[in-house]
Amino acid sequence: MTEIDKGKPVLVTGATGFVAGWLVKKLLENGLTVHAAVRNPENKKKIEHLDRIAAETPGTIKYYKADLLQAGSYAEAMEGCELIYHTASPFTSNFKDPQKELIDPAVKGTKNVLEQATHTSSVKRVVVTSSCASIYCDATDLKDTPKGMFTEDVWNTKSSLEYQPYSYSKTLAEKEAWKIAKAQSKWDLVVVNPSFVMGPALNANVATSESMTLLKQMGDGSFKMGAPNLGVGVVDVRDLATAHFNAGFTPQAHGRNIISAHNSSFVEMAQLVHSEFGDKFPVPNKPLPKWLLLIVGPMVNKALSRKFIRNNVNQPWKADNSKSIESLGMQYRPLQETMIDGFRELIDAGILKPKK
Ligand code: NDP
């Protein structure tokens with residue numbers, strides 16, 4: 001049972017991120033002081049949305065320069081904080097060297113932040129943003145699960161540096177987090193394991209998240225021949241902020257927590273967007289045949305390798321989100337609202353242009 005004093009500052013690593021933006025907003029709306037750790041506080045384009053929110057809410061934001069790969073980088077930002085949110089980790093399929101660009105920042109960064117927590121006397125709880133990617137590698141793993149669905153007891157055992165390296169980075173990083181947490185008794189660790197995050201970005205014009213890349217691709221014609229029928233779990237970025245908030249401030253929160261609203265698929269997600277925007281944007285509303293996806297997939301997105309397609313297309317995805325509902329009080333919004341609000345934000349930001 002860990003009680004967090006809301007009068008103390010809260011550290012958010014990777015505050016410029018898609019996921020972190022809504023968490024920072026939630027903290028500021030609740031009047032908290034946020035220590036926002038960012039790579040470059042001088043890059044005003046990356047933080048202007050946070051400044052705007054801070055001006056409109058009762059909370060306060062202070063920026064600290066920190067890099068996951070620099071030891072001791074988070075010391076100043078962590079000073080006086082009881083609660084740490086470690087969200088920073090690269091989420092992209094646009095990489096050349098997976099070791100340097102995904103694994104090192106994920107694993108060394110987790111070590112850097114969590115070891116700093118052990119050395120900082122004020123810290124009582126660390127909430128790590130892991131992923132369902134540390135629970136499963138492919139949708140076909142579902143058949144090996146004890147309950148026929150992904151649960152907090154399941155770990156990803158199949159990803160590697162060569163295959164699904166992002167999932168590998170999240171698995172290794174979460175394992176590192178548990179190892180460091182168990183080696184001390186000063187703070188407790190709560191892990192959130194979100195499925196695929198969708199919904200509106202607060203920073204659409206500068207967003208780097210793979211979530212935004214895929215949402216853009218749904219409307220820019222990349223999938224005009226059809227959507228890959230990939231089974232996925234989906235959660236709204238605004239609900240995920242609530243999950244982080246509750247994971248931090250619920251005294252009895254503990255362990256891993258799957259944060260996933262819907263057992264869905266890319267086809268269902270695209271169809272929901274199509275029903276609202278299909279007349280103006282080339283949004284797919286039918287599945288792309290698997291044989292065709294095997295040809296075009298790797299050209300559209302690096303993550304759509306042939307092995308990935310074989311193990312994930314036309315496969316159902318199912319996770320048990322009951323722990324998040326019972327322990328973190330989660331109430332998830334409908335998928336339609338998530339998809340429509342997310343897509344509309346890309347239009348409003350001028351990123352997606354209607355057909356002429
Ligand atoms: P973003 O790309 O929007 O955010 C990633 C954040 O990590 C950015 O703030 C980025 O900073 C920071 N970062 C990357 N490398 C470094 C580094 N070397 N040093 C310091 N900061 C760094 O992605 P998301 O918001 O989608 O992801 C946030 C977290 O949520 C990640 O841990 C991700 O694995 C997890 N997650 C995301 C899911 C999703 O579907 N989006 C699903 C499940 C988990 P900068 O702005 O400077 O690049």
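Model, not experiment: these values are computed from the prediction. When a residue number appears, it is its place in the shown sequence, counting from 1.
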* Asked: Phe18 pairs by side-chain contact (heavy atoms from CB on, under 4.5 Å) with which of Thr208, Thr87, Val237?
  -> Val237
Any side-chain heavy atom of [X] within less than 4.5 Å of one from [Y]?
X	Y	answer
Glu29	Lys25	yes
Thr145	Thr151	no
Leu50	Val34	no
Tyr74	Ile84	no
Lys8	Thr33	no
Lys307	Tyr163	yes
Ile53	Leu202	yes
Met218	Met339	yes

Would you say [atom1] of [X] has more than 12 non-hydrogen atoms from neighbouring residues, nucleotides or ligands within 6.0 angstrom?
X	atom1	value
Gln331	CD	no
Lys280	NZ	no
Lys44	NZ	yes
Lys100	NZ	no
Lys323	NZ	yes

What closest approach, in Å, do [X] and [Y] show between heavy atoms, and which atom pair accounts for it?
X	Y	result
His49	Lys46	CE1-O, 3.0 Å
Val267	Ala227	CG2-O, 3.6 Å
Pro284	Ala270	O-CB, 3.4 Å
Ser131	Lys170	CB-CE, 3.9 Å
Leu142	Pro316	CD2-O, 3.6 Å
Pro41	Tyr64	CG-C, 4.3 Å

Should [X] and [Y] be counted in the same cluster of Ile, Leu, Val, Met, Phe, Trp and Tyr side chains packed under 4.5 Å apart?
X	Y	result
Val128	Leu68	yes
Leu240	Tyr85	yes
Leu69	Phe95	no
Phe266	Leu292	yes
Val197	Tyr136	no

* Asked: Run the side-chain contact (heavy atoms from CB on, under 4.5 Å) check on Val113 and Val126 step by step: do they pass?
  -> CA-CA 9 Å; Val113 173; Val126 179; 5.5 Å; no
Is [X] reaching over with its side chain to a backbone N or O of [Y], donor-acceptor style, under 3.5 angstrom?
X	Y	value
Thr110	Ala177	no
Asn112	Gln70	yes
His86	Leu11	no
Ser122	Cys81	yes
Lys286	Met225	yes
Asn193	Ser134	no
His244	Leu23	no
Asn321	Ser260	yes
Asn257	Gly255	yes
Arg306	Pro298	no

I'd like to know if the side chain of [X] pairs up with that of [Y] as donor and acceptor (distance under 3.5 Å, no hydrogens or angles considered).
X	Y	result
Asp104	Gln99	yes
Glu210	Ser93	yes
Gln315	Asp138	no

* To do: Measure the acute angle between the ring planes of Phe91 and Phe196, then classify it against the limits of 30° and 60° as parallel, tilted or perpendicular.
  => perpendicular
* Parallel under 30°, tilted from 30 to 60°, perpendicular over 60°: which one fits the rings of Trp317 and Phe150? -> tilted
* Asked: Distance under 6.0 Å and angle within 45° of the ring axis: does Lys6 meet both against Phe249?
  -> yes
* Assess Arg256 against Trp178: is NZ or CZ under 6.0 Å from the centre of the six-membered ring, and within 45 degrees of the ring's axis? => no
Looking at [atom1] of [X] and [atom2] of [Y], how far apart are the two atoms once the value is rounded to the nearest 0.5 Å?
X	Y	atom1	atom2	value
Glu76	Thr120	CD	OG1	11.5 Å
Ile340	Phe277	CD1	CZ	6.0 Å
Lys216	Ile351	NZ	CD1	5.5 Å
Arg238	Lys26	CZ	NZ	11.5 Å
Leu114	Ile180	CG	CD1	5.0 Å
Asp239	Thr338	CG	OG1	6.5 Å

* To do: Under the side-chain contact (heavy atoms from CB on, under 4.5 Å) rule, what do Val232 and Met269 come out as? Steps first, then yes or no, please.
  => CA-CA 10 Å; Val232 280; Met269 288 156 70; 3.8 Å; yes
* Asked: Can you check side-chain contact (heavy atoms from CB on, under 4.5 Å) on His35 and Met78, steps first, answer last?
  -> CA-CA 8 Å; His35 285 192; Met78 210 176 276; over 6 Å; no
* **Residues which pass side-chain hydrogen bond (donor to acceptor under 3.5 Å, both in side chains) with Asn43, listed by chain and number, not counting sequence neighbours** => none
Using a strict 4.0 Å threshold on nitrogen-to-oxygen distance, state whether [X] and [Y] make a salt bridge.
X	Y	value
Asp153	Lys147	no
Arg52	Glu48	no
Lys158	Asp144	yes

* Verify side-chain hydrogen bond (donor to acceptor under 3.5 Å, both in side chains) between Asn94 and Thr92, making sure each step is shown before the conclusion. => CA-CA 5 Å; Asn94 184 21; Thr92 177; 5.0 Å; no
* Run the side-chain contact (heavy atoms from CB on, under 4.5 Å) check on Val313 and Leu230 step by step: do they pass? -> CA-CA 5 Å; Val313 169; Leu230 296 166; 3.5 Å; yes
